[in-house]
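Below: one structure in structure tokens.
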Amino acid sequence: FPGFIRIYVEGADNPEEMLDSRDKILPTLEKGESINSKNVDAKQHFTKPPARYTEASLVRKMEDVGIGRPSTYAPTISTVIARGYVQAKVVEQH
């Protein structure tokens, strides 16, 4: 059963054509047929979401990708906050 692969073939303009020409993902098995595994490695992998941007890290990223100039960073960040695209987290100091 091809599932979502029937409509989504990465990098293909014609998924039907690409699906027909690709190798099968899994071999065809019959009910009750057993398989022999050659090598099975159990591995555990955890992912973390990317760190949230602070104003400083956002300015650094803007510099890296060439957005704006130093004189425009503060107004750009203020505009993003004012339009509600992000919520600025206020850190209280005691």
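Along the sequence shown, the residues carry numbers beginning at 1.
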Apart from Val40 itself, residues in the same hydrophobic cluster as defined by side-chain heavy atoms under 4.5 Å: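 Its cluster partners, ordered by chain and number, are none at all.
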Heavy-atom pair of closest approach, residues Asn39 and Asp41: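 Distance-wise, the nearest heavy atoms are OD1-OD1, 3.4 Å.
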CD (Glu33) with more than 12 external heavy atoms under 6.0 Å: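 Atom CD in Glu33 is crowded, with more than 12 foreign heavy atoms closer than 6.0 Å.
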Met62: hydrophobic cluster co-members (side-chain, 4.5 Å):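 Grouped by the 4.5 Å side-chain rule, Tyr53, Leu58, Val59, Val65, Ile67, Tyr73, Ile77, Val80, Ile81, Tyr85, Val86 form the rest of the cluster around Met62.
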Test side chain to side chain donor-acceptor pair (under 3.5 Å) applied to Ser57 - qualifying residues, sequence neighbours left out: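 Result, side chain to side chain donor-acceptor pair (under 3.5 Å) vs Ser57: Thr54.
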Heavy-atom neighbours of Glu55 CD exceed 12 at 6.0 Å: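 12 or below, so no.
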